[in-house]
Student: 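Attaching a single structure in structure tokens format; questions to follow.
Counting starts at 1 for both ligands and their atoms, in listed order.
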Amino acid sequence: MAKQTIVTMPGDGIGKTVLPEALRVLDAVGFEPEYVHADIGWDFWIKEGNALPERTIELLEEHKIGLFGAITSKPKDQAAAELAPELRNKGHVYSSPIVGLRQHFDLDICIRPCRSFKGNPLNFIRRQGDGYVEPQVNVVIFRQNTEGLYSGVEWTGPPAQVRAALETHPKMARYKDTPSEDLAISARIFTRKACHRICREAFAYARKFGYRSVTVCEKPNVIRETSGMMRAEAKKVAKDYPEIALWETNIDAQMMWLTKNPEDYGVLVAGNMFGDIISDGFAGLVGGLGFACSANIGREVAVFEPTHGSAPKYAQLSPPIVNPIAMILSACMMLDHIGEVEKATRIREAVGAVIAEGKVRTYDMMRIPGGPQALSQGAAKTTAMTDAIIARLG
Ligand code: NAI
Ligand code: MG
């Protein structure tokens, strides 16, 4: 069998710190693919006017599996100002390369597990009687990754023909006196195909890993058409999975319930925006950004990344202090995806053991401010956390 090739895209800031740490763990667990480095991020925006160079797209087209760190994004005017002088005023417009990758390869299935590790001091606790309980959270969010409010179909001041088309809807009557330039419209576009696919993936995952419920989290009572379509597809798919309960929640109520009874939920499925919201909500219960891993999966290509960004304020610190666990767990999702489940499980168990032991904790786990002083306050360096995980690999 040909050796698996993994495209590594460290990107910017702490992406460059945490990705090599994940590779060290992969190495230690005996995973030995070829790695090929791909350029992505701010440096390439500045030097080439493109944060997602064509050669990176070609590498992913060829090898299909990517491991991604993080990128830095900046507002349009700031991006333009940092562009190399010879590239200015040549029509280059900055756009986020990770959003670009999701769209280019139609990575429409986003999976974000939020599982609490025993002994993590950041775990959510709930008051009960005179004491407290620490609910075990084991939730996996399936977020539609390419459509909805992120479709990019939006205007401030819609063109006349768009306005005219909208005015065929009776509910537009109340805006008839609003000048177009005072009208901002972001289209929430859902397709049946994409709704069906994300629901299908959610149920298949629930069956494979023994979850008893899939919760479709939208707001179909108000957003009748788009949320309604997601709900309808969830109901259709549910018929093929009689052993799994289909629950329905509204996004607002779900945000309340996620602290009230997070332990009741298993797999959740939602559109792009609500999926983003609930995944951050649940991530907050299990340690936040240092622990939040994710997968972006398309029909051919898949890219695995921590959900955190480039954390510029910590990027220059030497030695680095950020938590590599989110990146390491993202690498585990990659191993699962390519069938190396046993190695992924061993890594996750090692992570769990280090957290449970509680001797090695990065600054975020100690709830102290990040910065060089964190180390003298007992926080572990990034590399020390990785070393501890490697030492625990059975
Ligand atoms: P961020 O996720 O980079 O950092 C926010 C804060 O979270 C940090 O300042 C730090 O306190 C903490 N943090 C993040 N990762 C951590 C880790 N591994 N260990 C310990 N603490 C950690 O988000 P922010 O500051 O909003 O954005 C910074 C840059 O990252 C921006 O340019 C933004 O556009 C970009 N970004 C990129 C993403 C990606 O590559 N997918 C996602 C989110 C933001
Ligand atoms: Mg988010």
Side-chain angles (χ1 to χ4, degrees), residues 8-22 25 38-46 51-52 56 66-79 82 94-103 107 110-112 120-122 143 145 150 272 275-277 279-280 283-284 286-296 303-317 319-331 333 351 354-355 360-375 377 379-386 389:
T8 54
M9 297 170 277
D12 301 311
I14 66 163
K16 291 187 180 136
T17 309
V18 292
L19 194 136
E21 297 302 293
V25 176
D39 296 334
I40 194 166
W42 200 248
D43 292 346
F44 304 96
W45 162 251
I46 293 175
L52 177 57
T56 296
L67 205 48
F68 171 74
I71 48 94
T72 296
S73 277
K74 296 184 188 177
K76 229 162 107 180
D77 47 341
Q78 223 177 318
E82 289 190 31
Y94 180 80
S95 65
S96 158
I98 182 65
V99 175
L101 274 184
R102 288 175 189 154
Q103 284 167 354
L107 307 177
C110 177
I111 311 177
R112 293 184 167 180
N120 186 346
L122 303 178
R143 165 192 178 193
N145 217 16
Y150 292 62
N272 209 339
D276 201 14
I277 294 171
S279 58
D280 276 17
V286 300
L289 288 174
F291 295 85
C293 55
S294 79
N296 305 281
V303 175
F304 302 83
E305 54 158 335
T307 64
H308 65 69
S310 60
K313 64 180 176 186
Y314 301 134
Q316 303 306 327
L317 288 184
I321 59 159
V322 291
N323 192 343
I325 290 179
M327 182 79 236
I328 291 167
L329 294 176
S330 304
M333 295 187 81
V351 169
V354 170
I355 295 171
V360 181
R361 285 177 174 166
T362 45
Y363 80 92
D364 53 318
M365 298 174 74
M366 299 172 67
R367 292 186 196 278
I368 58 173
Q373 82 295 338
L375 298 179
Q377 292 175 265
K381 298 182 288 188
T382 306
T383 50
M385 175 56 88
T386 311
I389 293 167

Student: Tabulation required: pairs of a nitrogen or oxygen in ligand 1 and a protein nitrogen or oxygen under 3.5 Å; columns are atom names and distance to 0.1 Å; otherwise 'none'.
Tutor:
from	atom 1	to	atom 2	distance (Å)
ligand 1	2 (O)	Gly309	N	2.7
ligand 1	3 (O)	Gly309	N	3.4
ligand 1	3 (O)	Ser310	N	3.2
ligand 1	3 (O)	Ala311	N	2.7
ligand 1	11 (O)	Tyr363	OH	3.4
ligand 1	18 (N)	His308	NE2	3.4
ligand 1	18 (N)	Asn323	O	2.9
ligand 1	19 (N)	Asn323	N	2.9
ligand 1	21 (N)	Tyr363	OH	2.8
ligand 1	30 (O)	Ile71	O	3.4
ligand 1	30 (O)	Ser310	N	3.1
ligand 1	30 (O)	Ser310	OG	3.3
ligand 1	32 (O)	Ser73	N	2.8
ligand 1	32 (O)	Ser73	O	2.9
ligand 1	34 (O)	Ser73	N	3.3
ligand 1	40 (O)	Ile71	N	2.9
ligand 1	41 (N)	Glu305	OE1	3.3

Student: Quick check on Gln316: does its CD atom have over 12 non-hydrogen neighbours (other residues, nucleotides or ligands) under 6.0 Å away?
Tutor: no
Student: To the nearest 0.5 Å, how far apart are CE in Met9 and CG in Leu19?
Tutor: 8.5 Å
Student: Roughly how far, to the nearest 0.5 Å, is the OH atom of Tyr363 from the CG atom of Leu317?
Tutor: 9.0 Å
Student: Going by side chain to side chain donor-acceptor pair (under 3.5 Å), name the residues that satisfy it together with Glu82, two or more places apart in sequence or in a different chain.
Tutor: Trp42, Lys74
Student: If the condition is salt bridge (Lys or Arg N to Asp or Glu O under 4.0 Å), which residues does Lys313 pass it with, not counting sequence neighbours?
Tutor: none
Student: Taking only residues two or more places apart in sequence or in another chain, which ones pass salt bridge (Lys or Arg N to Asp or Glu O under 4.0 Å) with Asp364?
Tutor: none
